[in-house]
Amino acid sequence: MRSIRLIACLDVKDGRVVKGTRFENLQDSGDPVELARYYADEGIDELVFLDITASHEGRPSVIELAERVSDQVFIPFTVGGGLASPDDIRLALLAGADKVSLNTAAIRHPQLLTDCAVRFGSQCVVCAVDARRLPDAAGWEVLTHGGRRQTGLDAVAWAREAAERGAGEILLTSMDRDGVRTGYDLDLTRAVSDAVPVPVIASGGAGVAEHLAEAVQKGHADAVLVSGILHERLATVHSLKRAMQAAGLPVRLG
């Protein structure tokens, strides 16, 4: 079994890292480059930077941020938010990002996933799927624009299509659990993980170390993403990895 990756997510708004609940009531958590360097020194496996208002506000993406991060951090990192064309992706990768995260633009133009996979390789293309459970509990709907717009798309079906179109990874966020810290949506994570042939990153809901192991063992995730509990120093990278190791998961302690 491959090592389970522990990934820190840095949601960015107006150049600052923020954290809230379900993308609302945002609180400042610091400078993205300083936090990135800190987590890298602590032993985080990867970083994800998401400009959470870029698509909503129609602004350019975090290309400048990628340049700043690549000068300071030497572990894999992903950038997303406002990327809408192969040229945007090219600039992000040239700026130093290892991967790009596509959400709103991929739903608007699904061919973008294929075009980018062909041009840059599937390993560079992450499809972010923000999902909310339907009222009748019959499934999950995909949301876009930072959780502001409904799409009518079934999350499991869309994740499967995204992988078929060339996405090399799925970043799966439960909008119901985001910032709540009651644990990942294991039903959602397992449904998507079992439906796609590519790695799935579980996101949304981590509150304690045990939740990470559950996402892998019960949700079948390949990686776990955390944010608030790290930003608020409720846990450290080392403590989370030690707990995952104690639960029988292979991790890189570094």
Undergrad: So which atom in A155 and which in V142 form the shortest heavy-atom distance, rounded to 0.1 Å?
TA: CA-CG2, 3.5 Å

Undergrad: List in chain and number order the residues that pass side-chain contact (heavy atoms from CB on, under 4.5 Å) with T182, two or more places apart in sequence or in another chain; answer none if no residue qualifies.
TA: R177, V180

Undergrad: Considering non-hydrogen atoms only, spot the tightest contact between V216 and A221 and give its length.
TA: CG1-O, 3.6 Å

Undergrad: Which residues pass the side-chain contact (heavy atoms from CB on, under 4.5 Å) test with L94, sequence neighbours left out?
TA: R90

Undergrad: At their closest point, which heavy atom of P76 faces which heavy atom of D98, and how far apart are they?
TA: CA-OD2, 3.2 Å

Undergrad: I'd like to check the side-chain contact (heavy atoms from CB on, under 4.5 Å) partners of A246; sequence neighbours left out, ordered by chain and number.
TA: none

Undergrad: Please list all pairs passing the ring-ring contact (aromatic ring centres under 6.0 Å, His included) test where one or both residues lie in residues 73-131, with sequence neighbours left out.
TA: F49-F77

Undergrad: Donor-acceptor pair, distance only, cut-off 3.5 Å: does the side chain of E141 make one with the backbone of L134?
TA: no

Undergrad: Any donor-acceptor pair under 3.5 Å linking the side chain of R190 with the backbone of K218?
TA: yes

Undergrad: For residues A92 and L83, report the shortest heavy-atom separation together with the two atoms involved.
TA: CB-CD2, 4.4 Å

Undergrad: Go through the structure and list residues passing side-chain contact (heavy atoms from CB on, under 4.5 Å) with Q123, not counting sequence neighbours.
TA: none

Undergrad: Can you confirm whether more than 12 heavy atoms, excluding those of Q150, are under 6.0 Å from its CD atom?
TA: no

Undergrad: Going by salt bridge (Lys or Arg N to Asp or Glu O under 4.0 Å), name the residues that satisfy it together with R160, two or more places apart in sequence or in a different chain.
TA: none

Undergrad: Output yes when R165 and D115 qualify as a salt bridge under the 4.0 Å nitrogen-oxygen rule, no when they do not.
TA: no

